Structure formats: structure tokens, C-alpha cells
Asks: 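Pasting in a structure now, in C-alpha cells, and then I'll have a few things to ask.
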Amino acid sequence: MKTLNAKFQPLLTLIFRLVLGGVLVVAGGIKALSPADSAGAVASYKILPTQIAHIFGYALPWLEVAIGILLIIGLSVRFAAITGGIVMVMFIGAIISVWARGILIDCGCFGGGGAIDPSKAAAAHRAYFIEILRDAGLVLSATYLYFFPYGRLGIEKLTPQI
Amino acid sequence: MAKQAKAQATSGGDNFTRWLVIGMVALVVITGVVFSMMSQSTKASASFAALKDYKLTEAVAATVDPAQGSGIVLNPGSKTQIDVWEDPQCPICKLFEDANGSYLDDLVRTKKATVVFHVLSFLGDESVRTANAQFCAADENHYLDFHKAVYLVQPSLENSGFFTNENLLKIGDYVGLNSKSFIDCVNKGSKLDYVKASYDSMPSYKVTGTPTVFINGKLWERKSPDFNLAEFRLAVEAG
């Protein structure tokens, strides 16, 4: 296992960087282009006071884009992986929270967001489940990148040891 | 693995680069927030442009009926009665208004139907303020004008700080509602009792969301995915 990881680690690091970074850039980019939707989507979780939720909704997409770009080009991968991982854990917590409180919303993960018609409760719950799985997978990617930040095609190289 | 671990020990060595990256990310985020907030507030003030050419329509006598959940009753005594329950901040209510608002106005003005507007306020403080102003406009017999104007400027975001008393009075100004009694009523929150009574009457009418519409006491259930006038008109005419 160890030797297998040693052999493929640079490639795996690249793959996880592209997966996590790609998701963040796409999700953040879509939301950054429609800030009002993003702010409304955060407010619909009813976790933060509305005005603070709006500011958070304005900030989040740009943070996602910034760390997504860092991951894709391979710069400060460890820092970006920690931040991305924290963001994903936060998303999982937020979705569990709305699910537990019986709130039906579109997660607004890739734009959109807001309340959902009660008649679509089953579909909404299935969506929550898939979102939690997806974000958990991304947390695992981030964890791997924390331990192995250096791989193929990254700007940042291992500092040579003197 | 060993190589990575060593790298971890040394990557902190280049503190400058790391702080530079963190600083850049912070800069991007802050710039983004400022940009987004500015574009939002320009959009909100630009929305008043929709009222620029608004002409105040003929006054329509309005009464608030405590026996009907403190609804605002327009053209009472007609054979057909339509009850509309809405929250001024609710985006779907705006869609209903866009599709059917003028038709409802016509029904009232041509005395073809009694229309009762139940102004709800469950979407937060800004709904409460706006609902109060709508009752004030009813006092001036210009509920229809104010109601229409609020939907014309309704921001896409709820509770974004748009519906302040100042902006509500500005809406009034645009449509031609600027009497002293109206201004006092908005500023003092004179109609908050009605706002509360209206909200409290929801359970007894089994209203759980907005917009909810009753035609002659029967719940109107729309079939089409969007509001369309033809469908609503048919339902009203069928009674």
C-alpha cells in the first residue's frame, strides 16, 4: 500500500487538486456572477442573521474561486486544501442542519438556491443526501492534499534540502 | 512520504510567499464582496426608475374588515369575492402580481368582483414595515397604487435593507402618495395592529404560504407551472 501510494502519489495529488479545485472554481464562478442569488441562498439556510448571511453569500463565491485557482495551478496547495476542506465541512454541517430542522431548500451549491415547494420533499431529501456524500468526498480529497501537497504539474516545487 | 514530510518542515521557511498568497486570497474576497454589495445597492436604487412614469389612479375606497382576518376590502358586496394572501417581500407573489395584478385591479374598478387583500408579514421586519405602509395607503384609498408600486420595486433579496420607512415613503412619493397623514402613518407604524391581526388570522383560514388565493372561499389551485392570466381568469369566471 505504502509503495503503491509512493508510486502514484504525484499523479493522485494532481487528480485531487484538479477535482477539488475544479469544483470550487465552477461552483464559485457561477455564484460570483449572480451575487444576489448567492446571498439569498445563504440566508435561506436560516443559520446566520439575514444581513450577515448576505455578506457571507457575497464573500463565499470569491473565496471558492481563489482557492480553486490555487489548487489547479498548484500553489500553496496545503493552505488551499485546508481552507477548501473547512469550507466543505461547513457545507456538510449546514445541510445536516437544514435537514434536521425540516427546512426544504435548494442548497444553492452551484447557483440558484432558496425555498423548495413542500410537494418535492422527497426529492429535496435525496438531494441533501447526495450533496453530503459529494462534499464528504471532497473533504477526503482535501485531506489527501494536506498530507501530500506536492505532485505533478504544480507551480510550487519541493524545496530542495540543503 | 518522507520527502513530503520534510517539505512540510521547510515550506514554512518561506513565510513571505505564504503570507503573500493568503493576502492575495483575502484581497480577492474583499474586492469581490465590495463589488457585489455595490452592484446590489445600485440595482436597488435603480429599481425606483420603474416608478418614474407612474400615474396615480383613481381612488378606490378601502376598508379593513376585522371579521375577515383584517383584510383590505375593495369594492364590497359583489357576487364574486377573491381573497389574495400575500407578503410584500415574497418573490412568487410578485410573479402572481405581474400576471394577474392588472386584471384584479380591473375587477375592482369595474365593480365585477370584491377583492380582499390580506397583507402578511412572515418574511421579517421589512415585511412588517411594508405591510404597515400598505394599510396606510388603504387609508388614503390608494391601496392598489401602492401595492402595485411595491411589487414594481421589490428587490430579489428578502430583508436586504431595502424596505426602510424612508424608501417606503419614497415609493409613496413616486406614485403620488405624500399626504401628511400617510407620512405620519408610515413613520409611526400606526397600522401595526392590523398587520399583526392579519398575520394571526392565517391559521383560521388555513393559509400556510403565499401567494394563496381563494375564489368565493374556495382555494384556487393553479395547474400550470407559471401564473398565467388566462387560467386565472377562467377560474374567476367559473366562480
Side-chain angles (χ1 to χ4, degrees), chain A residues 2-3 5-6 9-10 13 28 31-44 46 49-51 53-70 75-80 83 114-115 117-118 145-151 155-162, chain B residues 1-44 47 89-92 122-127 154-162 208-210 221-222 225:
Chain A
K2 222 167 186 174
T3 52
N5 185 47
Q9 182 270 317
T13 292
K31 284 181 286 193
L33 293 177
S34 50
D37 287 350
S38 173
V42 176
S44 68
K46 299 197 172 82
T50 316
Q51 311 264 335
H54 288 167
I55 293 175
F56 191 81
Y58 292 139
L60 183 67
W62 299 98
L63 179 69
E64 288 180 322
V65 170
I67 54 182
I69 290 175
L70 288 179
L75 181 64
S76 294
V77 171
R78 181 170 278 142
F79 159 71
T83 318
D117 200 343
L145 291 174
Y146 173 81
F147 287 109
F148 306 101
Y150 301 100
I155 288 185
E156 201 176 23
K157 298 287 182 227
L158 269 174
T159 333
Q161 300 298 302
I162 306 164
Chain B
M1 178 81 188
K3 232 164 97 184
Q4 297 267 350
K6 245 191 243 161
Q8 180 186 0
T10 56
S11 76
D14 194 356
N15 262 331
F16 177 74
T17 313
R18 198 174 48 187
W19 286 110
L20 185 70
V21 168
I22 294 176
M24 297 277 257
V25 170
L27 192 70
V28 167
V29 172
I30 293 167
T31 315
V33 171
V34 172
F35 167 79
S36 303
M37 288 180 89
M38 271 168 44
S39 81
Q40 262 326 100
S41 77
T42 358
K43 230 166 76 188
S47 68
Q89 287 199 88
C90 136
I92 309 176
F122 55 84
L123 291 175
D125 287 351
E126 296 194 28
S127 288
Q154 187 197 64
S156 51
L157 262 183
E158 292 158 17
N159 297 311
S160 61
F162 179 77
T208 54
T210 52
E221 285 171 278
R222 92 186 124 110

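Computed from a predicted structure; not experimentally measured.
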Asks: Can you check whether anything in residues 56-65 of chain A gets within less than 4.5 Å of chain B, heavy-atom wise, and list it by number?
Replies: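 Within residues 56-65 of chain A, near chain B: Tyr58(A), Ala59(A), Trp62(A), Leu63(A).
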Asks: Who among Ile22(B), Ile30(B), Val34(B) has the most heavy-atom pairs with chain A under 4.5 Å?
Replies: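 Of the candidates given, the most pairs with chain A belong to Ile22(B).
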Asks: Return the set of residues passing side-chain contact (heavy atoms from CB on, under 4.5 Å) with Ala41(A) (not counting sequence neighbours), or none when no residue passes.
Replies: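 Ala41(A): no side-chain contact (heavy atoms from CB on, under 4.5 Å) contacts found.
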Asks: Please classify the contact of Ala36(A) with chain B as side chain, backbone, both or neither, using a heavy-atom distance under 4.5 Å.
Replies: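 It is both, since atoms from each part get that close.
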Asks: Minimum heavy-atom separation for His54(A) and Glu158(B), please, with both atom names.
Replies: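 Closest pair (atom of His54(A), atom of Glu158(B), distance): CE1-O, 3.2 Å.
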Asks: Got a sec: does the CZ of Phe35(B) have more than 12 other heavy atoms crowding it under 6.0 Å?
Replies: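 For Phe35(B), atom CZ is not crowded (no more than 12 foreign heavy atoms under 6.0 Å).
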Asks: How long is the span from the CG atom in Leu20(B) to the CG atom in Leu75(A), to the nearest 0.5 Å?
Replies: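 Taking CG in Leu20(B) and CG in Leu75(A), the distance rounds to 8.5 Å.
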Asks: For Ser39(B), which atoms come within 4.5 Å of any heavy atom of chain A: side chain, backbone, both, or neither?
Replies: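 Just its side chain gets close to chain A.
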